[in-house]
Structures are given as structure tokens and as C-alpha cells.
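All of these numbers come straight from a predicted model, not from anything done at the bench. So that the names make sense, note that chain A is the first sequence line, chain B the second, and so on, each numbered from 1. All heavy atoms count here, side chains included; hydrogens, waters and symmetry mates do not.
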Amino acid sequence: AQTVTQSQPEMSVQEAETVTLSCTYDTSESDYYLFWYKQPPSRQMILVIRQEAYKQQNATENRFSVNFQKAAKSFSLKISDSQLGDAAMYFCAYTSGGGADGLTFGKGTHLIIQP
Amino acid sequence: DTEVTQTPKHLVMGMTNKKSLKCEQHMGHRAMYWYKQKAKKPPELMFVYSYEKLSINESVPSRFSPECPNSSLLNLHLHALQPEDSALYLCASSQRAGTDYGYTFGSGTRLTVV
């Protein structure tokens with residue numbers, strides 16, 4: 001079974017600084033997708049960034065980027081120029097490439113932005 | 001339309017009640033999902049409905065019953081629930097793997113069983 005591990009229950013960063021959230025996963029599949037989702041107190045699960053395992057290039061979306069280390073099974077999220085609106089619970093998630101499997105989530109990291 | 005719509009947003013029900021949660025999407029996604037999320041925990045997959053086939057997480061009790069009347073609509077029927085079933089129930093949909101592969105979530109139904 002696939003597992004996703006987030007070892008940081010909580011992280012705190014000053015506004016405008018950079019923070020990195022860690023995620024490791026375990027799978028025997030070669031074709032899979034990794035995601036970072038953000039869940040603010042409003043509870044809406046919002047996609048932050050996506051990475052296809054077959055792509056070596058790290059995904060980026062504006063201030064958000066990932067460091068995808070396939071051999072090490074590591075998928076960290078870097079948030080640059082942190083903003084107050086980034087405060088939320090961040091979940092790392094995995095799915096196999098079969099096309100319609102559900103997501104397996106890590107336990108989440110609560111990100112606090114200090115003004 | 002790029003949304004997954006869940007109704008109701010809040011539901012309080014007694015242990016002897018029967019109620020249903022509704023989830024709808026009009027993005028042409030062929031897979032839909034129900035997740036259960038307890039406070040300060042990650043979502044846990046309950047059901048997958050993909051290409052007219054239902055997959056069930058075997059740990060989900062039979063008092064939860066999914067129904068998919070068509071490819072855009074996924075219901076979750078609730079019967080004889082227990083207080084520990086109180087949680088946020090999230091619906092999601094996805095399209096087949098590809099460059100635009102992703103899961104879109106609804107805003108959830110906050111369920112309280114009394």
C-alpha cells in the first residue's frame with residue numbers, strides 16, 4: 001500500500017520569507033502523480049501544485065515550487081514570499097497513474113504566517 | 001463550470017434519521033469520490049465511482065450507501081449513523097490521467113450526529 005508522510009505537524013514563517021514543507025512517500029509504482037493541497041479554515045481543499053512522476057522537471061506555480069526527488073521518494077513544497085493568505089493546512093497527496101484512483105493524503109502540516 | 005457543488009453545507013441528524021448528501025459536477029469528469037475528514041486529520045477515502053463502477057473502502061460501515069444516478073451526480077445516503085460519524089464529508093471529481101489530471105473538491109458537508 002502507498003503511504004505519504006509529512007513529518008512537520010506545524011511550521012511558522014515570517015511574512016515575505018521562504019518556507020519549505022517536507023513530504024516523503026512510499027510506492028512500488030512507476031507511474032504516479034503527487035499533489036500539494038491547501039485547506040484553509042473555510043475547509044475548501046485547493047490544489048496548489050501537481051507533479052507527474054515521469055517528468056524530471058520540478059513543477060512551479062508562481063510563488064510555489066516543488067523539489068521532486070524520485071529516487072529518494074521525496075516531494076517538498078517551497079513557498080516564496082510568504083503571504084498572510086498562505087496560512088492553512090497543507091496536505092501532500094499521492095495517486096497512482098491508473099486514471100481514477102483516489103488520493104492518499106499525508107497527515108498535513110499547519111502553516112502559520114507571522115506578520 | 002469548474003466547480004464541485006455539495007449540498008447541504010451543514011446537516012444535523014439524529015441516530016434514527018435517514019438523510020442524503022448530494023454532490024454535483026458539470027466538468028465532464030468520469031470519476032467521483034466521497035471522503036470523510038475528522039478534525040485535524042487528513043481526508044480518508046470512502047468510495048470511488050469511476051466509469052460506472054463503484055469501489056468501496058472495506059472499512060466503511062454499511063450505514064453509508066453511495067448512489068450515482070448519472071455521471072454528474074453522486075449521492076451519499078446516511079442511515080442509523082453514530083455520533084462518531086460526525087465529520088466533514090468531502091466530494092471530489094477527477095478526469096483521466098493526462099496533462100490536466102487533477103482532483104477538484106467541493107466545499108464539504110459538515111455533518112453532526114446527535
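Between A/Gln44 and B/Val4, every side-chain heavy-atom pair lies at or beyond the 4.5 Å cut-off.
Criterion: ILVMFWY side-chain heavy atoms under 4.5 Å apart, direct or through other members. Under it, A/Tyr54 and A/Phe35 are part of a common hydrophobic cluster.
Residue B/Ile56 shares its hydrophobic cluster (ILVMFWY side chains chained together at separations under 4.5 Å) with B/Leu11, B/Met13, B/Met15, B/Leu21, B/Met32, B/Trp34, B/Met46, B/Phe47, B/Tyr49, B/Leu54, B/Val60, B/Phe64, B/Leu74, B/Leu76, B/Leu78, B/Leu81, B/Tyr89, B/Leu111, B/Val113.
We find the CD1-OG1 distance between A/Ile46 and B/Thr104 to be 11.5 Å, quoted to the nearest 0.5 Å. Put simply, CD on B/Glu44 and CG on A/Leu103 are 13.5 Å apart, with the number rounded to the nearest 0.5 Å. One distance of note links CG of B/Leu88 with CE of A/Met45; it measures 8.0 Å at 0.5 Å rounding.
With A/Arg43 contributing its side chain and B/Ser107 its backbone, the two residues share a donor-acceptor pair below 3.5 Å. A side-chain donor-acceptor contact under 3.5 Å links A/Tyr37 to the backbone of B/Tyr103.
For B/Tyr35, the ring-ring contact (aromatic ring centres under 6.0 Å, His included) partners are A/Phe105, B/Phe105, not counting sequence neighbours.
Neither the backbone nor the side chain of B/Lys53 comes within contact range of chain A, judged by heavy atoms closer than 4.5 Å.
Within a 6.0 Å radius of CD in A/Glu10, more than 12 heavy atoms belonging to other residues, nucleotides or ligands are found. More than 12 non-hydrogen atoms from other residues, nucleotides or ligands lie less than 6.0 angstrom from NZ of B/Lys38.
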